[in-house]
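Shown next, in structure tokens, is the structure this report addresses.
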Amino acid sequence: MQRSAAPSQSRKSVLSSASRPLSSISQQRPPAQTEKQEQAADMATFPQTVNENQLPVTTTHLQPRASQTTPNSRPMRRSFKSPMAAAAAGMTTPGLSVTCAPFKSPVRSTLISTSTPVLTTATTLAAVAPTPLGVKKRKAESTEAPATKESKLSESSSRTATASPTSLLATKPKLQMTPHFRSPSLGSQAPVVARTPVDEQERCFNVLWRKKTGKKHKTWDGDGVLIVSGSHAILKDMDGKEISKGSGPAIANLTAGDEISFAGKDIEVASVLDSETYRTGRCFLTKAAVATPPSASANKSTLHLTKFKQHSSVANAVEKPWTPPQPRHNPDAPHAILLPRPSSSHPRVVKGGNNRPPGDIGLVDVVVDPILGQYLRPHQREGVRFLYECVMQMKDVNGQGAILADEMGLGKTLQTIALLWTLLKQSPYYGEESFVVKRALVVCPASLVKNWQNEFKKWLGTERLRVLAVDSKSSITDFTLGKVFSVMIIGYEKLRTVQEEIKNVSLDLIVCDEGHRLKTANIKTAQAIRSLSTKRRIILTGTPIQNDLGEFFAMIDFVNPELFDNYGLFKKVFEDPIVRSRQPDCSKAEAALGLERSRELTRLTGLFILRRTAKVNDEFLPPKSEAVVFCRPSMLQRAIYRHMLDSPFLKSCLSMDGTRHLGCIIALRKLCNSPRLVLDSSEQEDDADATGLYSGTKLMIQQNYADYPDSSWIGGKLNFVDSLLQSLRENTAERVVLVSNFTQTLDILQDMCIQRQYKFLRLDGAKSGGVGLNLIGASRLIMFDIEWNPSVDQQAMARIHREGQQRPVFIYRLLLSGTIEEKMYQRQMTKIGLSDALMDGKAAERLDKFSRDELRDLFTFHEDEACLTHSLLSCNCATSSTSIVSAHNRSVTLGTRQQDKRARFLDEPSAEQVKKELLKEWAHIEVDSWRRMVRQQGKDPIEPEVSVRDRILWKVLTNTTGTKQKHETTAESDQEEYVEGSDEGDDDEDVKVEGRRIREGGVVSFVFLRSAAAAVAAASSTVATEVDF
Amino acid sequence: MSMDQVVRDKNDPIEEDEEEVHSAYVLVSVSRFEDVDELQNHGINAADITKLKQAGICTIKCVQMTTKKNLCRIKGFSETKVEKLKEAAAKLHNASFITGLEYRVQRKKVLTISTGSKQLDELIGGGIQTMAITEAFGEFRTGKTQIAHTLCVVAQLPLQMGGGNGKAAFIDTEGTFRHERIKSIAERFGIDAEAALENILVARAYNSEHQMDLITEVAARFAEERGIFRLLVIDSIIALFRTDFSGRSELSERQQKLNQMLSRLVKIAEEFNIAVYLTNQVQSDPGGGLTFVADPKKPVGGHIMAHASTTRLYLRKGRGEERIAKVYDSPDVPEAEAPYAISAGGIADVS
């Protein structure tokens, strides 16, 4: 053991040359010490440096650390107790460091200078002292040069280990560069780079700069790079932008640690920068380019960290009695919902826990937090339970996915949030982590991201759960790399773009809102989601089936991919037989097989698909009343309709295959809304084009109807809307939502509102009426036109009848009788029937294709029908007897007969029957005769349907006589255009045109009315209306 | 009925990456990935992280605890960099509001370390608490240092024996650390004296600045070896300040430095879940004659000490070996007194 008083003193001088402001302990320690003291001091200050096992030969036992000056660099003491080993630790602790030179470990290895300076006993105080806050160091970073020089010193001094102090002294001044020393800062590595003579003296520095300020506590504005050539220098900031340039004598001899004033700025040189780094531009790049590899910090792990070992003598001390684990929330609390436990055969139940006391099965109750539980309706509790069981694989299905297909307004969002919160915070298995899900992803249409975020905030607040809502511009690193956010809400499109980043993140649960988007199985978005790494997938959709089984398969395949291996299998086993069994010409065996298969499919999918209809909500919400109002087209509309149907263009559509049908259909639909739309479209078309769609329309209008006042542009439905709104304004303070599928229609409605001075707010875009929005401030909804897809309309209608609605809700769907709109409505009813039926395993037919016959029927105008649909059903309801319509023709689509035949085969309801079933719930009112009876009897003749339930409608229907309400506006002078009739007699009500009794436009000819009570009554009534085939 | 979910059986092995606290059989696992190195993924380069560590900031929580002003003072940090740093830290660690229920779950990891005397333990609610500062002041010979030594040993005992199951760090400013005492106390509890000494890190501070540096260093040590340490003793915290700052003119500076040190200690205690035990001295209180006590005294440090300590104990001598401890200030327990005795095996109950 060496004791050196002198060496410490000599080292003192070395230290002082480094001019460290902090005094080290060695300087203060009196040179003469007793051995014991020193030993004690050593043991106190130097925990053991070396574990013998750990010494590799070539690396230094003074583990070099990335943080060269932290106290952490002190290796841990292990089992070693001898004072000998304490020596070599290169101490970086402030003050504690240098000390004991005398203690040299018997094993010395070559000190290799690494990129970070090696800590040696003697020296590196210069580099070493940590910087406590508030202490500014001037010559802070000792450059690597002195450090490694001094490492050489200690190495050489170690060679003379047994030397007397003098020999140490002697070796000290020999500061030589080790052969392997490289000082990158001097740019000595870059001689190969060809440089222009001007650049030869170019040097670069990392600097901190700030504008000159007179403040007492100065701070640095930012980092920068200073490029010095000769005595001229340029300062650039970290974006590469030039800040200033200047020159001066001080610049020529800049070294690290200098502080100069330069071109109006204060600059402190932090370190020398390799000019190659500057020239390649790497110094301006962020992280990836410049970061030193984490191996620097990985050095930390080579430090042997001691585990704390319990004292063996007391390790088996008295044990506290083991208490069984308790659930996070009290299951007996009033609003707590206890979720089912996994059964004993569940694969994960018995994981771990050999040390379990007897009677312990390793499970703990999972209870839904009462803060959510108190708001859950019974069907929502069921839903949460169902989802939990599916996701935890407690159902007998090979997969962990679920589809929640509740209708709109039933609280799918709340059920999802409740499930997520439970899974994030609790787990039924104790002994592992305290949660099932650590990170979750919610994917939804981009417009709903904000909505989801608000929902989370509404139910859980901002403190319990941090949720990241990603819009199109923000980055997702906060979620992928950070720990703060547990849930991310992202749009479908955005997900596609960040697909690569997400792949690396381990997610535990994915929720797809409006999952019917995934129905097209091979679009990129669906594939992106599929590629994510979790098996727990939930789809939320209000409309699981829209067209056929293939789409159904796509959704099933997404949530439980292992259920059916591929589409081919599904097709062979299920789809083909089922579809085949529905063909009209299948054999009995095929039909039976199809039935069996369809039942099996229903059973299988019923395990993980849950659907409830809005009826469950009816008890909680105010009553809803729907009315389908069939209006008569106006004269102009009729004329144009006829003209268009007769046009050569349309006839050619029918005869050839082509894609023109769509254009025709749209044109007809526009016409039904308002003739003005047609006029606008025809103006866009070339007048001279005789074969165009609108050919001749304009001409016809101008020729025949030019003298019609402007208001006749309005047309059938608009009149009704007008009177309805008028009635509403006079009688209530309720708000109305007007929905249309055409923005041009919205323009017209907007004009009308302006004219009538109604306050309105306009929302455009497909999303506004359809998906996701809550419009519960309104209690009346008018669907101005109709769509093919019933779910689109249903979603729109569900915007106001949902949670939070406080008033009774009235929904009006407007159709122009006898036109294409009625046919669309009929198809919708069938589709709805199909959708519901498939969920129960009943009828199915292809509704997305039209046969030629059907197409022809589509383009038929039933001018005289009060309500085509009603006649089609040949409904024997009470109105028929008083109906004027009964004598009219019925046009039956060819399809129905065949369907009937099949129905008898399979003993299943046909689409027709389904339709009738649905329509049974509705009260049918043939308005003319009804009105007559009202006038005669003074009250509602059929049931107190209209008068009691919907006073407004009553007013409108009964008031379509006599004068229109006061219109302050222009162009209504010719009241005869509108007047539906007078109080006296039938004949006067009709406007006689061309010898026929034609109702003028705007008259309501038929109404289907359904209100909540009526639906219930219809279901339970015995007689009501009998339907026969 | 305890309402919190138990997560791990206490005998399960400890994972490398987790700190485990076995306290009432509730485990809260804290991932190791709260080191500042994590910030590399968020745009802070390694050189800056090195500088952070040099300044004694080793964890993300510590970054959040440090003010921007202090961060700017670190050499090589500009304001833009500091802001970037703060932003990145916010992404990695939630320093915002949580509900009280969640807070209760977090408090589950608080342990109590017995003092060796059951009555004294009962007085202060089971022992000295982790995540808090316990200060004991009293005249000489009242047993402050003895309590410190006893705590150092008890901290190593398993939880069932009222210990902390971890190592201890001792910063000695008065030169009163005695390994012989440790040996006797260890024998009393039936553990190996050498192993006990092994588990105590001792440092001798010579002036107040050095003391601050030691605290910084020990914090870095705690960060590196998460979950290993359970106790930090500073005996005594005020002694060096009293010498380094003399006179009224330097009083304010002393108090400021003391405040900074105590603030650091509080943060360390909470971040690493350790118990901090401080010993304080007393001074004469000339104006305290109103109480008609024979020799009025008050603790040194003034209001700064008073507000920073979580629990304050006033120790005074009773008869013979007996000493009396009185709770002066505690958020948990009411004011009361309890006797204890100094014995060969450290602090014990009065026999």
Side-chain angles (χ1 to χ4, degrees), chain A residues 44-45 47 66-67 69-72 93-95 130-134 136-137 140 208 219-223 270 286-287 290-292 294 296-297 300 305 308 310-311 313-315 317-320 323 325-330 353 355 364 426 430-431 433-434 463-464 466 478 481-484, chain B residues 1-9 11 25 37 40-43 45-46 50 53-56 70 72-81 91-94 96-99 102 156-158 160-161 165-167 189-192 195 199 202-204 210 212-213 216-217 220-221 224-225 228:
Chain A
T45 59
S67 55
T69 64
T70 43
N72 287 339
T93 62
T131 326
L133 302 175
K136 270 209 182 127
K137 291 175 57 176
L208 292 166
T219 56
W220 295 107
D221 281 348
D223 302 279
T286 53
K287 39 176 181 171
V290 193
T292 54
S297 52
K300 191 163 45 167
L305 300 170
F308 172 73
Q310 276 197 357
H311 297 280
S313 50
V314 292
V318 174
E319 307 231 345
K320 282 200 202 145
T323 53
Q326 302 295 331
R328 188 178 167 111
H329 306 282
N330 184 4
N355 304 329
V364 71
Q426 302 181 55
Y430 74 88
E433 300 158 322
S434 66
E463 308 86 31
R464 290 193 184 94
R466 298 290 304 273
D478 287 354
L481 295 176
K483 305 283 182 285
V484 175
Chain B
M1 168 159 68
S2 136
M3 296 295 192
D4 307 286
Q5 188 168 25
V6 170
V7 182
R8 190 193 290 239
D9 193 74
N11 287 329
Y25 302 93
D37 292 314
Q40 267 196 337
N41 295 329
H42 291 263
N45 60 44
T50 309
K53 288 193 185 164
Q54 289 176 17
N70 280 341
C72 278
R73 287 216 209 106
I74 301 178
K75 189 156 185 66
F77 272 36
S78 60
E79 279 184 11
T80 36
K81 193 167 290 184
K91 287 184 208 163
L92 281 174
H93 190 272
N94 182 18
S96 173
F97 286 94
I98 54 174
T99 61
E102 191 69 39
Q156 303 173 31
L157 298 179
Q160 303 92 305
M161 293 176 67
N165 210 29
K167 292 191 179 182
F189 283 108
I191 59 177
D192 181 29
N199 287 326
V202 185
R204 175 79 165 89
H210 184 211
M212 189 68 198
D213 292 336
T216 307
E217 185 195 336
R221 193 53 150 310
E224 199 181 296
E225 303 173 40
I228 306 267

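Every chain is numbered from 1, with letters handed out A, B, ... down the list of sequences.
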Identify which of B:G166, B:G190, B:C72 forms the greatest number of heavy-atom pairs closer than 4.5 Å to chain A. B:G166
Checking heavy atoms, do the side chain of B:N94, its backbone, both or neither come under 4.5 Å from chain A? both
B:K91 versus A:L481: any side-chain heavy-atom pair under 4.5 Å? no
From A:D223 atom CG to B:S78 atom OG, the distance as rounded to the nearest 0.5 Å: 4.0 Å
If we ignore angles and hydrogens, is there a donor and acceptor under 3.5 Å between the side chains of B:T99 and A:E463? no
Interatomic distance, NZ@B:K75 vs CG@A:L208, rounded to 0.5 Å, equals 7.5 Å
Counting only non-hydrogen atoms closer than 4.5 Å, does B:E102 touch chain A with its backbone (N, CA, C, O), its side chain (CB onward), both, or neither? side chain
Closest non-hydrogen atoms of B:L92 and A:V484, given as atom of the first, atom of the second and distance, are C-CG2, 3.6 Å
Most contacts with chain A, counted as non-hydrogen pairs under 4.5 angstrom, among B:M212, B:H93, B:E79: B:E79
